[in-house]
Amino acid sequence: TKNILFICGGAFAGIEKLIADRKNSHARTGATRPIGFGAASIAATADTHTGTMTDVTTEDLRAFGIIPEILGRLPVICTMQELKEKDLVAIMTQPKDAIIRQYEELLAMDNATLTLRKGALEAIAQEAIRCKTGARGLRSILEHILTPAMYAVPGMKEPAEITVTEECVTAGKAVGLRKAKKKDVA
């Protein structure tokens, strides 16, 4: 076979422990192993701090449960860093087809404008980080926040303005929904 590219990705939750165990087993000698009262907790703490995803090897992936037949077809292993809050905000706002722009267009079909405060964008990003859903979770978080307004807007006879604040995300407060001012409508 040629011109075939296999890409395998995933979170691999828990593989850090395997990496730490491998690194500590290579570095251990009888004299450096903690002994005495509390030795198990000291060793466990050391194990969790030495295992990092950047040190993952094919052996770690095999020990994690990936079968050797697949690993043989994946000659390059690379790791990625978790997205930070500013990265998630950029994903929501900057691309041409960003999720915020999609919702603006969707609501514009019903003669409504959408405004998200900076604090709301940051709170949505923090929620995605807290839930460990990353960029994929942004849409479901926004959908959860905007659903009541998206059902209310089509029934309004006049143009509407929807405002999402930080409290809408963190405290479950309803989004601001009001008639748009005459100057707001173009």
Please enumerate all residues that pass side chain to side chain contact (heavy atoms under 4.5 Å, CB included) together with K118, with sequence neighbours excluded. E122

Can you give the donor-acceptor pairs under 3.5 Å from side chains of residues 74-94 to other protein atoms, not counting sequence neighbours?
unit_1	atom_1	unit_2	atom_2	d
E85	OE1	Q126	NE2	2.9
D87	OD2	K84	N	3.0
T93	OG1	V89	O	2.8

Residues L114, L146; criterion side-chain contact (heavy atoms from CB on, under 4.5 Å); working and verdict: CA-CA 10 Å; L114 174 64; L146 292 174; 4.0 Å; yes

Should V175 and T163 be marked as a side-chain contact (heavy atoms from CB on, under 4.5 Å) after you check the CA-CA gap, both sets of side-chain angles, and the distance that decides it? CA-CA 6 Å; V175 297; T163 306; over 6 Å; no

To the nearest 0.5 Å, how far apart are CG in L71 and SG in C8? 8.0 Å

A152 and L177 have their tightest heavy-atom pair at CB-CD2, 3.6 Å

Rounded to the nearest 0.5 Å, what separates atom CG in L107 from atom CG in N111? 11.0 Å

Not counting sequence neighbours, list each pair that qualifies as a ring pair (Phe, Tyr, Trp, His ring centres under 6.0 Å) and has a residue in residues 56-82. F12-F64

List for me each residue that meets side chain to side chain contact (heavy atoms under 4.5 Å, CB included) alongside I67, sequence neighbours excluded, and say none if there are none. E69, I70

Who pairs with E166 by side chain to side chain donor-acceptor pair (under 3.5 Å), at least two apart in sequence or on another chain? none

Can you confirm whether R101 is buried at CZ, in the sense that more than 12 heavy atoms of other residues, nucleotides or ligands lie under 6.0 Å from that atom? yes

With sequence neighbours left out, the residues meeting side chain to side chain donor-acceptor pair (under 3.5 Å) with R139 are Q102

Over all heavy atoms of both residues, which pair between A174 and C168 is shortest? Give the atoms and the distance, please. O-SG, 3.6 Å

P95: side chain to side chain contact (heavy atoms under 4.5 Å, CB included) partners, not counting sequence neighbours: D97, A98

List the residues meeting side chain to side chain donor-acceptor pair (under 3.5 Å) with T57, not counting sequence neighbours, and say none if there are none. E59, D60

Please assess I15 against L61 for the test side-chain contact (heavy atoms from CB on, under 4.5 Å), listing each intermediate value before the final yes or no. CA-CA 8 Å; I15 198 168; L61 292 170; 3.7 Å; yes

Got a sec, which residues hit side chain to side chain contact (heavy atoms under 4.5 Å, CB included) with T147, two or more places apart in sequence or on another chain? E143, M150, Y151

Residues L142, I124; criterion side-chain contact (heavy atoms from CB on, under 4.5 Å); working and verdict: CA-CA 8 Å; L142 270 166; I124 292 167; 3.6 Å; yes

Using a 4.5 Å cut-off on heavy atoms from C-beta on, say whether the side chain of I162 contacts that of R178. no

Sequence neighbours left out, what passes side chain to side chain donor-acceptor pair (under 3.5 Å) with R130? Give chain and number order. E127

Among pairs that include at least one residue of residues 78-125, which meet ring pair (Phe, Tyr, Trp, His ring centres under 6.0 Å), considering only residues two or more places apart or in two chains? none

Between NZ on residue K157 and NZ on residue K179, distance to nearest 0.5 Å: 10.0 Å

Measuring from I100:CD1 to E105:CD, what's the distance to the nearest 0.5 Å? 13.0 Å

Separation between CE (M53) and CD1 (I19), nearest 0.5 Å, reads 5.0 Å

